[in-house]
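Given the structure is predicted, the values throughout are model-derived calculations rather than measurements.
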Amino acid sequence: MTKQKAKRGPLQFLQFSVIGVSNAGVDIAVLNLLLLLFHPDSRMLLVLCNSIAYSLAVANSYLWNVNITFKRSAIGSKRQRILFVIQGLISLGVSNLVFIGTNEILDYTGVPNWLRYNLAKGLAMFLSFLSSFFMVKYFVFKDFGSRFIKEKE
């Protein structure tokens with residue numbers, strides 16, 4: 001029981017962070033591939049490229065977090081899946097707003113497009129990561145009492 005309680009604090013955030021690094025790799029790699037292939041010059045195309053990259057990273061996040069970080073409280077219910085999609089959409093909104101907003105601000109500084117997009121993406125990933133962690137921990141995979149928590153086998 002002591003080990004399970006320890007996972008609920010800093011260790012859980014550390015696990016989420018490590019998985020977040022793999023999500024960031026997926027996110028950045030896909031975004032840069034899309035930027036190379038399509039050379040988007042409008043906000044809508046940038047939002048589309050960012051949304052595709054972010055969605056693939058969220059799918060990666062779900063697979064790893066259900067099996068590692070929130071294994072104790074992830075029961076795979078329809079409710080949890082729906083809540084995960086909702087938090088993913090909210091985090092995507094945060095990501096897109098920060099990505100486009102930062103990109104617009106950096107556009108006035110004369111920073112080259114590739115660097116500007118990646119700096120904006122970095123800030124967007126960080127802020128959406130924080131919002132995602134708290135939503136996933138306290139709303140999606142929240143412990144609803146001992147009868148819903150998987151026991152160690």
Exercise. When you look at Asp27 and Phe129, which way does the side-chain contact (heavy atoms from CB on, under 4.5 Å) test go after all the steps?
Worked result: CA-CA 12 Å; Asp27 203 351; Phe129 163 82; over 6 Å; no
Exercise. Does one hydrophobic cluster hold both Val98 and Phe134, with members joined at side-chain heavy-atom distances below 4.5 Å?
Worked result: yes
Problem set entry | Minimum heavy-atom distance Leu106-Arg116, with the two atoms named | CB-CG, 3.4 Å
Problem set entry | Set of side chain to side chain contact (heavy atoms under 4.5 Å, CB included) partners for Phe133, sequence neighbours left out | Phe13, Phe16, Phe70, Lys137
Problem set entry | Expected output: side-chain Asn67 to main-chain Leu63 donor-acceptor under 3.5 Å | yes
Exercise. Given Trp114 and Asn32, is the side-chain contact (heavy atoms from CB on, under 4.5 Å) satisfied, shown in steps?
Worked result: CA-CA 8 Å; Trp114 180 85; Asn32 280 290; 3.1 Å; yes
For this session: Fit a plane to each ring of Tyr62 and Phe84, take the angle between them on a 0 to 90° scale, and name the class: parallel (under 30°), tilted (30 to 60°) or perpendicular (over 60°).
Result: perpendicular
Exercise. Distance-only, no hydrogens or angles: does the Glu104 side chain make a donor-acceptor pair with backbone N or O of Arg43 under 3.5 Å?
Worked result: no
For this session: Give the intermediate values and the outcome of side-chain contact (heavy atoms from CB on, under 4.5 Å) for residues Ile100 and Leu46.
Result: CA-CA 8 Å; Ile100 293 301; Leu46 283 173; 3.9 Å; yes
Problem set entry | Partner set under salt bridge (charged side-chain N to carboxylate O under 4.0 Å, His left out) for Arg81, not counting sequence neighbours | none
For this session: Mind running side-chain contact (heavy atoms from CB on, under 4.5 Å) on Val66 and Gln80 for me, showing each step along the way?
Result: CA-CA 10 Å; Val66 162; Gln80 283 183 343; over 6 Å; no
For this session: Write out all pairs satisfying side chain to side chain donor-acceptor pair (under 3.5 Å) with one or both partners inside residues 123-132, taking only residues at least two apart or from two chains.
Result: Gln87-Ser132
